[in-house]
**Q** 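Starting off with a structure, shown below.
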Amino acid sequence: MPELPEVETVRAGLELLLAGARVRHARALRKDLRTAIPDLAGLAGVGITAVRRRAKYLLLDTTGPSILNHLGMTGKWREGAEVRAHDHVELHLLDGRRIVFNDARRFGLFELCRADGGHDALDGLGPEPLGDAFDGRVLRAAARRHRRSALKAMIMDQRVVVGVGNIYASEACFRAGIRPGLAAGRVGGARLDRLVTEIRGVLAEAIAKGGSTIGDYRQVNGLSGLFQNQFSVYGREGEACRACGSRIRQSVIGGRSSFWCPRCQR
DNA sequence: CCTAAGTCCTGAGTGC
DNA sequence: TGCACTCAGGACTTAG
């Protein structure tokens, strides 16, 4: 899926489309996402007040229930009257526009929040990586608990820190100079501090570039992201490291394809 | 046949 | 032994 930078880019685009708009009615064209889409009749007539992000989830606040949405691997939002394959939810606005959530692989989520604004899916999530609550102490504590698991798997654990997925985990480990497969418990505190800095840095840079387009991710306005052109290691197996010239290596760590430089990362 | 941006569940293993 | 947790692997799904 879209990781934090892609979700944040979609959030900004959706906010432009939806903030201040009023829903005439909302309808599910097919309900079979990761969980069944609930009855959306309660969205008729609501105003959309804000579009927020928590972790990789989007939250559409309304004058009625908030909408909780996850893009899964292939979830997309767009504006347009044309019905396409894998359109799941359409929001018909009072001004006549049709805003659609489409998800080919159906790993996404589209639900309504409780009356108190919460949702079970948001429970137990770790701190936002770009917020003050994420610091070296967070990773040091996590590394003690997850001491035998691979460092890369640890930073992708959404209970440890949110928003880091398979692409940015490899990129952050490269920037920090740490091998992604190293057992977390064997990485010293100073190196974990450095990893915090690099996670924040790579995510912030990627947001500034509109995210990374691999396959079918698009911004709400249909444009591709640009950060894929700046990858140091992801998807570059066999190519030369831009820092030292060594061949980038690939292996499966925690079930996910992972990339690193054998010389720059120890 | 292979691979893919995510998450959830299972069952085996670990440690108090 | 019991319990709570960690950790690896597979499942879900469609497209290229």
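All values below come from the heavy atoms of this structure, side chains included, with hydrogens, waters and symmetry mates left out. Naming: A, B, ... by sequence-line order, numbering from 1 per chain.
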**Q** According to a strict under-4.0 Å criterion, is His86(A) in side-chain N/O contact with OP1 or OP2 of dA15(C)?
**A**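 So the side chain of His86(A) is within the cut-off, an N or O lying under 4.0 Å from OP1 or OP2 of dA15(C).
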
**Q** Tell me whether the OP1 or OP2 atom of dT6(C) has a side-chain N or O from Ser149(A) closer than 4.0 Å.
**A**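 Result: no.
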
**Q** If we count only N and O atoms by modelled type, under 3.5 Å, do the side chains of Tyr168(A) and Glu6(A) hold a donor and an acceptor together?
**A**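 There is such a pair (donor and acceptor under 3.5 Å, judged by atom type) between the side chains of Tyr168(A) and Glu6(A).
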
**Q** Heavy atoms, side chains only, cut-off 4.5 Å: are Leu4(A) and Glu128(A) in contact?
**A**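 Yes, their side chains come closer than 4.5 Å.
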
**Q** Searching all strands shown, indicate the nucleotide that pairs with dT13(C) (Watson-Crick or G-U wobble; both distances under 3.5 Å).
**A** none

**Q** Of all the nucleotides listed (dT7(B), dA8(C), dA4(B)), which has the minimum atom distance to the side chain of Gln158(A)?
**A**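 When the side chain of Gln158(A) is considered, dT7(B) is the closest of dT7(B), dA8(C), dA4(B).
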
**Q** The side chain of Tyr234(A) lies closest to which of these nucleotides: dA4(B), dG6(B), dG15(B)?
**A** dA4(B)

**Q** Select base, sugar-phosphate, or nothing to describe what Gly165(A) touches, counting heavy atoms under 4.0 Å on all strands.
**A** sugar-phosphate

**Q** Given atom CG of Asp157(A) and atom C1' of dA8(C), what is their separation to the nearest angstrom?
**A** 13 Å

**Q** From the options dA4(B), dT6(C), dT7(B), select the nucleotide whose nearest atom is closest to the side chain of Lys56(A).
**A**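 From the listed options, dT7(B) comes nearest.
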
**Q** Once you round it to whole Å, what is the distance between P of dC9(B) and CZ of Arg159(A)?
**A** 12 Å

**Q** Name the residue closer to the 5' end of DNA chain B, choosing between Arg147(A) and Ala121(A) according to the nucleotide with the nearest heavy atom.
**A**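 Of the two residues, Ala121(A) wins.
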
**Q** Tell me: CG of Leu71(A) to C1' of dG6(B), nearest whole Å?
**A**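 Whole-Å distance recorded here is 10 Å.
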
**Q** Side chain of Arg148(A) only, please: which of dG6(B), dG15(B), dA4(B) is the nearest?
**A** dG15(B)

**Q** I need the CD-P distance between Glu237(A) and dC2(B), as an integer number of Å.
**A** 16 Å

**Q** At less than 3.5 Å, do the side-chain atoms of Arg105(A) and the base atoms of dA4(B) form a donor-acceptor pair?
**A**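 Donor-acceptor pair under 3.5 Å: yes.
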
**Q** Which nucleotide in the list dT7(B), dT6(C), dC7(C) gets nearest to the side chain of Arg34(A)?
**A** dT7(B)

**Q** Using a strict cut-off of less than 4.0 Å between a Lys/Arg side-chain nitrogen and an Asp/Glu carboxylate oxygen, indicate whether Asp87(A) and Arg78(A) qualify as a salt bridge.
**A**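 A salt bridge links Asp87(A) with Arg78(A).
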
**Q** Nearest whole angstrom, please: distance from the P of dC8(B) to the CZ of Arg106(A).
**A** 18 Å

**Q** Does dC12(C) have Phe107(A) stacked on its base, where the ring centres are within less than 5.5 Å and the planes differ by under 30°?
**A**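 Stack criterion met.
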
**Q** What integer distance in Å separates Arg144(A):CZ from dC7(C):P?
**A** 14 Å

**Q** Checking side-chain contact (heavy atoms from CB on, under 4.5 Å) for the pair Trp77(A)/Leu91(A): CA distance, chi angles, key distance, verdict?
**A** CA-CA 11 Å; Trp77(A) 285 88; Leu91(A) 303 179; 4.0 Å; yes

**Q** Does a salt bridge link Glu205(A) with Lys209(A), judged by any charged N lying under 4.0 Å from a carboxylate O?
**A** no

**Q** Side chain of Tyr57(A) only, please: which of dT6(C), dC8(B), dA4(B) is the nearest?
**A**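 Selected nucleotide: dC8(B).
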
**Q** From CZ of Arg256(A) over to P of dA4(B), roughly how many Å is that when rounded to an integer?
**A** 8 Å

**Q** Base, sugar-phosphate or nothing for Ser257(A)? Non-hydrogen atoms, less than 4.0 Å.
**A**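 Answer is sugar-phosphate: Ser257(A) comes under 4.0 Å of backbone atoms only.
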
**Q** Do Arg11(A) side-chain atoms and Val51(A) backbone N/O form a donor-acceptor pair below 3.5 Å?
**A**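 Flag set: sc Arg11(A) to bb Val51(A) pair under 3.5 Å.
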
**Q** Rounded to whole angstrom units, what separation is found between the CG atom of Leu122(A) and the P atom of dC8(B)?
**A**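 After rounding, the gap between these two atoms is 11 Å.
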
**Q** Is His70(A) close enough to dT7(B) that one of its side-chain N or O atoms is under 4.0 Å from OP1 or OP2 there?
**A**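 Looking at the OP1 and OP2 atoms of dT7(B), one of them is under 4.0 Å from a side-chain N or O of His70(A).
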
